[in-house]
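What follows is a set of notes on a single structure, which appears directly below.
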Amino acid sequence: MTYKRVLLKLSGEQLAGQYETGIDPDFAHWIAKEIKKVADAGTQVVIMVGGGNLVRGANVAGNGIRRVTADHMGMLATMINALALTDIMESEGVKTRCLSNIFAEQVAEPFVHRLANKHLEKGRVVVAAGGIGRPYMTTDTAAVALALELDCEAVLKATKVDGVYDKDPNKHDDAVKFDNLGFEQAVADADIKIMDKAAIGLAMEQGMKVVVFNPMEDDAIAKVVEGNDIGTTIS
Ligand code: UDP
């Protein structure tokens, strides 16, 4: 089984790679090459990029900055990441289009459902900028919503660990990794942190499969797309 269309969620933290903030070009080129493998093999790829390496709304709100404004700043941060990733993907020979959910016609095409579908059908990777375009949201929730809108078969949630554990594996030596996990347990167990509640709730309600995995291993994205048992599948 090979997925025909998937959504890859990349966080800002991942784009920062070895740095605290900003974009690590080594990581970006590496991930672009990994994405190229699956795109060349015929899987249609949508990417939702986060912005936490630059601005996270909840963290900058305050001192006179309203939460709505802070979230606008966060969405602009995702735009910066999306523009950089689009260029880096193209420099690696991946046909890529950046579609924005915030009005920014001078720098990106607007996100229009039919346009996104057309690009994907033509084998172009679509990088979504601006999350879902509304405050009080995260790019995790935006990722699930966009995967549903574009009929993706799964959300591939890239993380620094290789899956979901019953407790934090960085703090507990006896943490146990799940190969598969039901949505009910993912939502109910407070020790399990995968995505924010709105994102996992939407995935559960609509039956959108989420695969949590570490993209930093060679061919990890290709393996997930081919349906190999890596990471943790939540369904
Ligand atoms: N954001 C938003 N609406 C969206 C997506 C993102 O308001 O649809 C804002 C929000 O402030 C968020 C920031 O953009 O904190 C960056 O996104 P996120 O925190 O999800 O990035 P990640 O943690 O994945 O790097």
Side-chain angles (χ1 to χ4, degrees), residues 6-25 27-28 31 35 45-86 88 98-104 107-108 110-113 116 126-150 152 155-161 164 168 192-203 206 208 210-216 221 231 234:
V6 293
L7 184 143
L8 175 67
K9 163 69 209 292
L10 288 177
S11 69
E13 187 190 16
Q14 262 166 338
L15 275 179
Q18 57 184 313
Y19 305 110
E20 293 276 304
T21 181
I23 298 165
D24 179 349
F27 170 81
I31 203 84
I35 294 164
V45 184
V46 186
I47 304 175
M48 175 64 70
V49 277
N53 54 326
L54 302 170
V55 175
R56 216 173 246 128
N59 294 347
V60 300
N63 296 312
I65 302 177
R66 290 178 302 138
R67 174 62 191 264
V68 171
T69 308
D71 282 337
H72 288 159
M73 293 163 69
M75 285 188 262
L76 290 172
T78 73
M79 169 73 92
I80 290 171
N81 286 333
L83 290 173
L85 187 63
T86 300
I88 289 170
C98 180
L99 268 54
S100 176
N101 269 315
I102 46 179
F103 303 117
V107 292
F111 186 93
V112 174
H113 177 76
V126 167
V127 179
I132 210 77
R134 281 286 169 274
Y136 292 98
M137 295 281 165
T138 66
T139 50
D140 277 354
T141 312
V144 176
L146 194 58
L148 287 163
E149 177 179 342
L150 292 173
C152 296
V155 171
L156 278 42
K157 158 102 175 149
T159 63
K160 283 192 169 168
V161 280
V164 180
D168 187 344
I192 297 176
K193 293 186 181 68
I194 301 161
M195 293 173 143
D196 58 84
K197 285 199 180 74
I200 204 76
L202 182 61
Q206 299 298 329
M208 173 57 68
V210 178
V211 184
V212 178
F213 75 113
N214 179 356
M216 294 309 289
I221 299 176
I234 304 134

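What you see is a predicted model, and the numbers here were worked out from it, not measured in a lab. Both counts, for ligands and for their atoms, begin at 1 and track the order of listing. Only heavy atoms go into these numbers, but all of them, side chains included; no hydrogens, no water, no symmetry mates.
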(request) Would you kindly specify which portion of M73 sits under 4.0 Å from ligand 1, judged on non-hydrogen atoms: side chain, backbone, both or neither? (result) neither
(request) Would you check the N or O atoms of G131, main chain and side chain alike, for any that come under 3.5 Å of an N or O of ligand 1? (result) no
(message) For atom 3 (N) of ligand 1, what's the nearest protein heavy-atom neighbour? Residue, atom name and distance, please.
(response) R134 O, 2.6 Å
(request) Looking only at protein heavy atoms, identify the closest one to atom 23 (O) of ligand 1 and say how far it is in Å. (result) R56 NH2, 2.9 Å
(message) I'd like to check whether I132 has a polar contact with ligand 1, where a contact means an N/O of the residue lying under 3.5 Å from an N/O of the ligand.
(response) yes
(request) Please indicate whether any nitrogen or oxygen in A70 is less than 3.5 Å from any nitrogen or oxygen in ligand 1. (result) no
(request) Work out whether the distance between some heavy atom of P135 and some atom of ligand 1 is less than 4.0 Å. (result) yes
(request) Quick one: look at V55 and ligand 1, take heavy-atom pairs under 4.0 Å, and tell me if it's side chain, backbone, both or neither. (result) backbone
(request) Distance to 0.1 Å, residue and atom name: give those for the protein heavy atom nearest to atom 13 (C) of ligand 1. (result) G74 CA, 3.6 Å
(request) Indicate whether the side chain of T159 and that of N214 have a donor and an acceptor atom separated by less than 3.5 Å. (result) no
(request) Tell me which protein heavy atom sits closest to atom 12 (C) of ligand 1, plus the residue, atom name and distance to 0.1 Å. (result) G57 N, 3.9 Å
(message) Return the closest protein heavy atom for atom 20 (O) of ligand 1 as residue, atom name and distance.
(response) T139 OG1, 2.5 Å
(message) I need the nearest protein heavy-atom contact for atom 11 (O) of ligand 1: residue, atom name and distance, please.
(response) D71 OD1, 2.5 Å
(message) Using every non-hydrogen atom in the two residues, find where P25 and Y19 come nearest and quote the distance to one decimal.
(response) CD-CE1, 4.4 Å
(request) Could you say whether the N/O atoms of S11 and ligand 1 ever approach to under 3.5 Å? (result) no
